[in-house]
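Residue numbers run from 1 in the order of the sequence given.
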Amino acid sequence: MPPSAPSFILGFVLMEPVAWAAHRYLMHGPLWRLHRAHHQPGREGPQLNDLFGLLFASVAITLFVLGAAPGAEPLWWAGAGVTAYGAVYALVHDGLIHGRFGLRPLAARGPMRRIVQAHRLHHARATKEGCVAFGLLWPGDVKAMARKLRKSR
Ligand SMILES: [Zn+2]
Ligand SMILES: [Zn+2]
């Protein structure tokens, strides 16, 4: 394994809880105004919600800047991991789940089944409150989330 690999992997893996927390507490919190359009029909075109890409890019940019210092290469590679997570997120969430970028939305089967199901549960509500499944690549317990959603109806 190249010495850069652990930082890259850490940057990638840690972005899932970071994205979960930002989605749960910022997008469905004080920044709901920007995220709301993503919970309305017609999600294919540009949307205010896309601005969150800049927020996550700023995390990567900070790591690249800090990682440019001598001896701080691991931070640079963590930034590369964060960037890779962003690319995978855009492909899976925007492309494969929501059918943006001219892609066809994935059916909820195959190896991506739980990821698609969980995100569909997230979109079961168009409201700031009462949503489930704020993560993406690590969907968690989909059945438990479906139960929670039913109970809060
Ligand atoms: Zn949401
Ligand atoms: Zn979505």
Any heavy-atom pair between the side chains of [Y] and [X] that's under 4.5 Å?
X: Glu73; Y: Pro3; result: no
X: Tyr85; Y: Val18; result: no
X: His119; Y: His98; result: yes
X: Asp50; Y: Arg100; result: yes
X: Val142; Y: Arg113; result: no

Original post:
What residues, two or more places apart in sequence or in another chain, satisfy side chain to side chain contact (heavy atoms under 4.5 Å, CB included) together with Pro111?
Top reply: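 Result, side chain to side chain contact (heavy atoms under 4.5 Å, CB included) vs Pro111: none returned.
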Original post:
Do you know which two heavy atoms are closest between Gly29 and Lys128, and how far apart they sit?
Top reply: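 Here Gly29 and Lys128 meet closest at O-CE, 3.4 Å.
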According to a 4.5 Å side-chain heavy-atom criterion applied to Ile, Leu, Val, Met, Phe, Trp and Tyr, with indirect links allowed, do [X] and [Y] form part of one hydrophobic cluster?
X: Val92; Y: Phe52; result: yes
X: Val88; Y: Leu96; result: yes
X: Phe12; Y: Leu75; result: yes
X: Leu51; Y: Tyr25; result: no
X: Leu55; Y: Leu66; result: yes

As an exercise, state the distance from [atom1] of [X] to [atom2] of [Y], rounded to the nearest 0.5 Å.
X: Asp141; Y: Lys148; atom1: CG; atom2: NZ; result: 11.5 Å
X: Trp20; Y: Leu136; atom1: CH2; atom2: CG; result: 14.5 Å
X: Lys143; Y: Leu121; atom1: NZ; atom2: CG; result: 12.0 Å
X: Phe101; Y: Leu91; atom1: CZ; atom2: CG; result: 8.0 Å
X: Leu48; Y: Leu31; atom1: CG; atom2: CG; result: 11.0 Å
X: Arg36; Y: Asn49; atom1: CZ; atom2: CG; result: 12.0 Å

**OP:** Show your reasoning for whether side-chain contact (heavy atoms from CB on, under 4.5 Å) applies to His35 and His23.
**Re:** CA-CA 9 Å; His35 185 57; His23 191 184; 3.1 Å; yes
**OP:** Kindly determine whether Met112 and Ile97 satisfy side-chain contact (heavy atoms from CB on, under 4.5 Å), including the steps that lead there.
**Re:** CA-CA 10 Å; Met112 302 271 292; Ile97 296 180; 5.9 Å; no
Original post:
Is the backbone N or O of Gly130 less than 3.5 Å from a side-chain atom of Arg125, with the two atoms forming a donor-acceptor pair by type?
Top reply: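 Side chain of Arg125 to backbone of Gly130, a donor-acceptor pair under 3.5 Å: yes, one is there.
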Original post:
Are the side chain of Glu16 and the backbone N or O of Leu137 linked by a donor-acceptor pair below 3.5 Å?
Top reply: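 Yes, Glu16 side chain to Leu137 backbone: donor-acceptor pair under 3.5 Å.
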**OP:** For His122 and His38, run side-chain hydrogen bond (donor to acceptor under 3.5 Å, both in side chains): C-alpha distance rounded to whole Å, both residues' side-chain angles, the deciding distance at 0.1 Å, then the answer.
**Re:** CA-CA 11 Å; His122 180 68; His38 185 65; over 6 Å; no
Original post:
Would Thr83 and Leu63 satisfy side-chain contact (heavy atoms from CB on, under 4.5 Å), going step by step from the backbone distance to the final call?
Top reply: CA-CA 10 Å; Thr83 304; Leu63 287 165; over 6 Å; no
